[in-house]
2 protein chains.
Amino acid sequence: MSQGKSPNRYTLRDVARHAGVSLGTASKALNKSGTLRQETRDKVLKAADELGFRPNDLAQALHRGQSFTVGLISNDSFGRFTMPIMEGLETVLHAAGIALFMCNATDDPEREKRHIDQLLGKRVDGLIFTGRRADRRPVPGLALGNLPVLYVFSQSDEPGAACLLPDDEGGARLATAHLLSLGRTRIAHVTGPEDFEAVRLRRRGYEASLSKVDPALILHGPWSEAWGREAATRLLAMPVRPDAIFAGNDQIARGIVEALRDNAISVPRDIAVIGFDNWSVMTEASRPQLSSVDMNLKLLGEEAGQRLIRMIRGERESGTSRLPCTLVPRASTVPTP
Amino acid sequence: MSQGKSPNRYTLRDVARHAGVSLGTASKALNKSGTLRQETRDKVLKAADELGFRPNDLAQALHRGQSFTVGLISNDSFGRFTMPIMEGLETVLHAAGIALFMCNATDDPEREKRHIDQLLGKRVDGLIFTGRRADRRPVPGLALGNLPVLYVFSQSDEPGAACLLPDDEGGARLATAHLLSLGRTRIAHVTGPEDFEAVRLRRRGYEASLSKVDPALILHGPWSEAWGREAATRLLAMPVRPDAIFAGNDQIARGIVEALRDNAISVPRDIAVIGFDNWSVMTEASRPQLSSVDMNLKLLGEEAGQRLIRMIRGERESGTSRLPCTLVPRASTVPTP
DNA sequence: GTGAAAGCGCTAACAC
DNA sequence: GTGTTAGCGCTTTCAC
């Protein structure tokens, strides 16, 4: 079956024996608890070091009723947005000695249920749901007791659920205000499918920033460059063209810029373009490079980690909070000198 | 401190009491071990179900000396290539009841060491290293005993190390053969930095497929669209232009296609272009859509999971193996009808 | 100051 | 067939 316990792994008893003290004493020395003579303490530390002793967290967890692990359940197959979140999350949790179980549910409720079940068996100290696909996700079918649960870049209908999201509306305000500050007056909005909450929020931010909204200038479509190109073509066909375009994401923005380029329209002189996501793969390859709005996802992950740690400590941390976005101006709105 | 053990979590003893049997009997019933009357078995199962009992994997692991967890250490911050690998890996491991600890070392040896240490404390049954950045990674500074270790999309110098990689050379052969089969005779290769092993292997595959190699047609540069555009410009300036270009990745390929488009060169009629990675973000947005070579990374992840499971079972699984790539022809090489 | 012993929740060997 | 018991490796009272 298994390869058995690793030959070079020692138990606390081995350390005690090696140091010539009792098991309890060795434990106190290694945990800096109780009152011990410095001499004994050093003796044990030395013995542990010589043996390359690493305490068995499993036994520790069993005793303490706390496993120092949390589970993360992603619903977008570890997609592009999940990555930076995970990175921030992992950094903060690791610093607190907490390890992260990664699970991918891919929007399959059955699979998600199995994952949660497995994680509960591992006695995780907390649970994180991420992945934006389902804007409002149902309550998981398993009783989670009072296990801390945090929704990051995703939401829950449960009353009092703790959710952490980027401030899409604020980000859209930043983008629109930026275009206005450049003297643009006729600003179009080419964005994604209306059933995304992020789309609705960004649109709301855009509309709120304008003194007068022209519905003809708002175009919904898929999240693709092809849609950006098509939408740009439509806008160019209008009797009065826009002088700026706020795109719902960077792929759409890039498509727009390409179509404008094809039509010999100068960006940003004739039409300024700004995207959303600040995805370098898009912003940097675009000609000119794309201005965009950064959702600070890594920071969001770090914040999530800190919040979860507080929840594990027993603090009440309910409700939805949104982290501010950042404007990143580049050549597609600000002409290079 | 901690919120203590969840109130709705019961122990095996509770189940036994609830079913009116002994602890040992309950264990046998739930583990389908030993010989029990069907009646007793059902009674226990019913009790467990009523209580919503979930065995404590920690205790189980402690007893069995096997934790049913493995650690994954990524060195590219959960980058684009790691994602599909993780997805495949996770699927296979989850099916085997094994959970995955995710760690991000970001090529920082100190951080990697801390991660390994933490994972050893958690008594993981195996370790996976991934992330291609460091082509040849040093032996981790910690004694891993006979813990199964697998390098996926990454390598190790340790003799007998188990490595799993895509067959870059084979992929390059596929691409080059494809271009040859279309009747192209002057095939250029625009690729990434020479210090990547993948670059060297792909180049070798390209060279091996040609009867005569012209060094002037091989261009190394960064992994970017901008480099693709620049390289294309250089190739166009040559006295005799190539009639096909094999790019080291899809970003370079897309840059090439764009530059050709800018210069009114028809793709694929005048020059056929093929990329590598089959990254849909690039292949689909490109005009025309990009032919490419798929490394089947999800499959690689699945294969890695199966291999690791065999290693955990105690089977010897050393040496490097490479998984075949797949050709994905699109409009940038095959003219649409 | 240090050692002995109970117990975290589970499994497996051994009684009955 | 079923119950009892001895640990897995650790922490933590409680004696001495």
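In what follows, chains are A, B, ... by sequence order, proteins preceding strands, each numbered from 1. Only a predicted model underlies this, so the values are computations on that prediction, with no experimental measurement involved.
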Is any side-chain nitrogen or oxygen of A/Thr35 closer than 4.0 Å to OP1 or OP2 of C/dG1?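 So the side chain of A/Thr35 is within the cut-off, an N or O lying under 4.0 Å from OP1 or OP2 of C/dG1.
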
Whole-Å gap separating [atom2] ([N]) and [atom1] ([X]):
{"X": "B/Leu30", "N": "C/dG9", "atom1": "CG", "atom2": "P", "result": "16 Å"}
{"X": "A/Arg17", "N": "D/dG9", "atom1": "CZ", "atom2": "P", "result": "12 Å"}
{"X": "B/Leu51", "N": "C/dG9", "atom1": "CG", "atom2": "P", "result": "14 Å"}
{"X": "A/Lys43", "N": "C/dG1", "atom1": "NZ", "atom2": "C1'", "result": "11 Å"}
{"X": "A/Leu58", "N": "C/dT11", "atom1": "CG", "atom2": "C1'", "result": "15 Å"}

Output a table of nitrogen or oxygen pairs between the protein and nucleotides 10-12 of chain D separated by less than 3.5 Å.
from	atom 1	to	atom 2	distance (Å)
D/dC10	OP1	A/Asn56	N	3.1
D/dC10	OP2	A/Thr11	OG1	3.0
D/dC10	OP2	A/Leu12	N	2.4
D/dT11	OP1	A/Asn31	OD1	3.4
D/dT11	OP1	A/Asn31	ND2	3.4
D/dT11	OP2	A/Ser27	OG	3.3
D/dT11	OP2	A/Asn31	ND2	3.2

With no hydrogens and no angle check, is any side-chain donor or acceptor of A/Asp125 less than 3.5 Å from a backbone partner on A/Ser67?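 Yes, A/Asp125 side chain to A/Ser67 backbone: donor-acceptor pair under 3.5 Å.
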
Under 3.5 Å side-chain donor-acceptor pair for B/Arg307 and B/Ser321: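 A donor-acceptor contact under 3.5 Å links the two side chains.
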
If you measure only the distance, is there a donor-acceptor pair under 3.5 Å linking the side chains of A/Thr106 and A/Asn104?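 Short answer, yes.
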
With ring-ring contact (aromatic ring centres under 6.0 Å, His included) as the criterion, how do B/Tyr151 and B/Phe129 come out once you've worked through the C-alpha distance, each side chain's angles and the decisive distance to 0.1 Å? CA-CA 5 Å; B/Tyr151 296 81; B/Phe129 289 93; 5.2 Å; yes

If I compare all heavy atoms of B/Thr82 with all of B/Thr130, which pair ends up nearest, and what's the gap?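 Residues B/Thr82 and B/Thr130, closest heavy atoms: CG2-CG2, 3.8 Å.
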
Measure the CZ-NZ distance between B/Phe101 and A/Lys122 for me, rounded to the nearest 0.5 Å.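 The distance works out to 8.0 Å.
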
